[in-house]
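The structure under discussion appears below in the form of structure tokens.
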Amino acid sequence: MIVNSKTPCPAHGSFPIPERVADLLANGECPSTYLAVYIYALRQYQSGNQNISNDRIAEELKVSLIDVVNAFLFYSSQGLLKIHNFTSVDNGDFDIEFCFSAETGVSVPPFRPCYKSSEISRRLSENPRMSQMYKMVGQILGKTLSSADTELLYSFHDYYGLPIEVIIVLIEYYVSKDKRSMKFIEKEVGKWASAGVNTIKKAKAYIEKREAFLSYAGQVRSALGIQERRLSTRELTYINNWQNEFSMPLDMVKLAFEATVNQTGKLSFAYMNKILESWSQNGFRKPEDVSKKKIPTKDNRTGRYDFDALQRRTFEAVNTPTERKTENGI
């Protein structure tokens, strides 16, 4: 056990280390070599020696330059430092900036490092949990992992910073969707990392939210009669707004679609979005709200909701130049 100490040790100085650094080591998410590189570099920074090169760090710690590079890339992926003037993993001459207040999300550096097979083998021998992860992923994918697969899988943990258990959940989920390409899975890993999905609980919530959106988007596609083509990124953004920002039920989306076609003669996501945005602002959540709810008129008298007027104003808002839209607000 560790007992409280009230007596400082005057013979030695000290400097603070972020708690996250210790947690990463305790959780088996980084090798001790990376920790040594981080602490050594931080000590040089605290002592004012900011001109030390990565080659010198490798020499002082008796480790390889690639270990130093990968250590800094790893801690950068955890939001604990920023990397400047990085050109490639083959060039260890770059600058680092310590961050003492890590952001909630994970900040991934612009280049994924290249890993030597010997380095990966060493890590697997040092970390039984990671070795088990490789066996489980091979079983989930139903194949023997290639050298490229092995390197990618290693990067999911080392570069993107996802815990081992989250990686397994992620791969199981996308394989259940018949998405087995490691390149595809890497793109999703990047999304999870950027969203800060670093626990099983967060992974479950992320998947549930994605499934809810896919179901909602599928129903919207069916209601709009566009099952035969894929939705564009912009269209998906509109649908995400309808579900998560406006909280619009499907029957309201159908009503907005009908109003759009009646007014414009065609499907227009932008036009529908204006209608649904207006309904959301007015608190309309059911078709009856649109047809029955009374709202103040311009002369402050109370009248019935003028649906035709809304259509006209929406049409004007969508088709009016930006500088005039503020005059025609919905």
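Just so it is clear, the structure is predicted and the values come from calculations on it, not from any experiment. Side chains are part of it too, since the values below use all heavy atoms of this structure and drop only hydrogens, waters and symmetry mates.
- For the pair Ser278 (side chain) and Lys274 (backbone), a donor-acceptor distance under 3.5 Å is absent.
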Criterion side chain to side chain contact (heavy atoms under 4.5 Å, CB included) on Leu170 and Phe156, from CA distance to verdict | CA-CA 11 Å; Leu170 182 150; Phe156 296 168; 5.9 Å; no

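- Side chains of Met272 and Leu267 form a contact here, defined as non-hydrogen atoms less than 4.5 Å apart.
- In this structure, Glu19 places its CD atom where only 12 or fewer heavy-atom neighbours from other residues, nucleotides or ligands lie under 6.0 Å away.
- Judged by distance alone, the side chain of Asp158 and the main-chain N or O of Tyr154 form no donor-acceptor pair under 3.5 Å.
- A donor atom on one side chain and an acceptor atom on the other are not found under 3.5 Å apart for Asn240 and Thr237.
- The OG atom of Ser155 sits 7.5 Å away from atom CE of Met182, with the distance rounded to the nearest 0.5 Å.
- At a threshold of 4.0 Å, the pair Arg123-Glu119 does not count as salt-bridged, since none of the basic side-chain nitrogens sits closer than that to a carboxylate oxygen.
- No donor-acceptor pair closer than 3.5 Å links the side chain of Gln44 to the backbone N or O of Asn49.
- Taking OH of Tyr206 as the reference point, atom NZ of Lys191 lies at 6.5 Å (rounded to 0.5 Å).
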Take Val166 and Asn198 through the test side chain to side chain contact (heavy atoms under 4.5 Å, CB included) and record every step on the way to the result.
-> CA-CA 7 Å; Val166 172; Asn198 53 16; 5.7 Å; no

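- Environment of CZ in Arg122: crowded, with over 12 heavy atoms of neighbouring residues, nucleotides or ligands closer than 6.0 Å.
- In the displayed structure, Arg180 atom CZ is contacted under 6.0 Å by more than 12 heavy atoms of other residues, nucleotides or ligands.
- Using a cut-off of 4.0 Å between Lys/Arg side-chain N and Asp/Glu carboxylate O, Glu211 and Lys177 are scored as salt-bridged.
- Within the 4.5 Å cutoff, side-chain heavy atoms of Ile207 are placed close to those of Trp192.
- Of the options Phe269, Phe257, Phe213, a ring pair (Phe, Tyr, Trp, His ring centres under 6.0 Å) to Trp242 is made by Phe269 and by none of the others.
- Of the possible polar contacts, one joining the Ser77 side chain to the Phe74 backbone as a donor-acceptor pair under 3.5 Å is found.
- Panel note: side chain Ser280, backbone Leu276; no donor-acceptor pair is recorded below 3.5 Å.
- In this structure the side chain of Val169 never reaches within 4.5 angstrom of the side chain of Glu165, judged on heavy atoms.
- Minimum interatomic distance between Met252 and Phe284 (heavy atoms only, all atoms of both residues): CE-O, 3.8 Å.
- The shortest non-hydrogen separation linking Cys30 to Leu25 is O-CD1, 3.8 Å.
- Within a 6.0 Å radius of NZ in Lys143, other residues, nucleotides and ligands contribute more than 12 heavy atoms.
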Can you check side chain to side chain contact (heavy atoms under 4.5 Å, CB included) on Asp251 and Leu255, steps first, answer last?
-> CA-CA 6 Å; Asp251 53 0; Leu255 191 60; over 6 Å; no

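- The CD1 atom of Ile66 sits 9.0 Å away from atom OH of Tyr115, with the distance rounded to the nearest 0.5 Å.
- Remark: the backbone N or O of Leu162 is paired with a side-chain donor or acceptor of His157 at under 3.5 angstrom.
- To the nearest 0.5 Å, atom NZ of residue Lys183 and atom CG of residue Asp149 are 10.0 Å apart.
- Side-chain polar atoms of Tyr173 and Arg210 form a donor-acceptor pair below 3.5 angstrom.
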Please walk me through it: do Arg56 and Glu60 pass salt bridge (charged side-chain N to carboxylate O under 4.0 Å, His left out)?
-> CA-CA 6 Å; Arg56 179 65 182 277; Glu60 291 290 331; 2.8 Å; yes

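- Shown here is Tyr40, whose OH atom has more than 12 heavy atoms of other residues, nucleotides or ligands within 6.0 Å.
- With rounding to the nearest 0.5 angstrom, the CE atom of Met133 is 5.5 Å from the CD1 atom of Ile164.
- Between Leu80 and Leu24, the closest side-chain pair of non-hydrogen atoms falls below 4.5 Å.
- Atoms CD1 and CG, on Ile185 and Leu141 in that order, are 5.5 Å from each other to the nearest 0.5 Å.
- Counting heavy atoms from C-beta outward, Leu153 and Ile167 have side chains that approach closer than 4.5 Å.
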Give the intermediate values and the outcome of side chain to side chain contact (heavy atoms under 4.5 Å, CB included) for residues Ile96 and Tyr45.
-> CA-CA 10 Å; Ile96 65 168; Tyr45 169 77; over 6 Å; no

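- A pairwise comparison of heavy atoms in Cys99 and Gly79 identifies CB-O, 3.6 Å as the closest pair.
- The two residues Leu231 and Ile226 have their closest heavy-atom pair at CD2-CD1, 3.4 Å.
- Side chain of Gln243 to backbone of Ala212: a donor-acceptor contact under 3.5 angstrom is found.
- Paired with Phe98 under the rule ring pair (Phe, Tyr, Trp, His ring centres under 6.0 Å), one option of Tyr75, Phe72, Tyr38 passes, and it is Tyr38.
- A donor-acceptor pair under 3.5 Å links the side-chain atoms of Tyr134 to the main chain of Thr150, judged by distance alone.
- A pairwise comparison of heavy atoms in Val37 and Ile57 identifies CG1-CG2, 4.4 Å as the closest pair.
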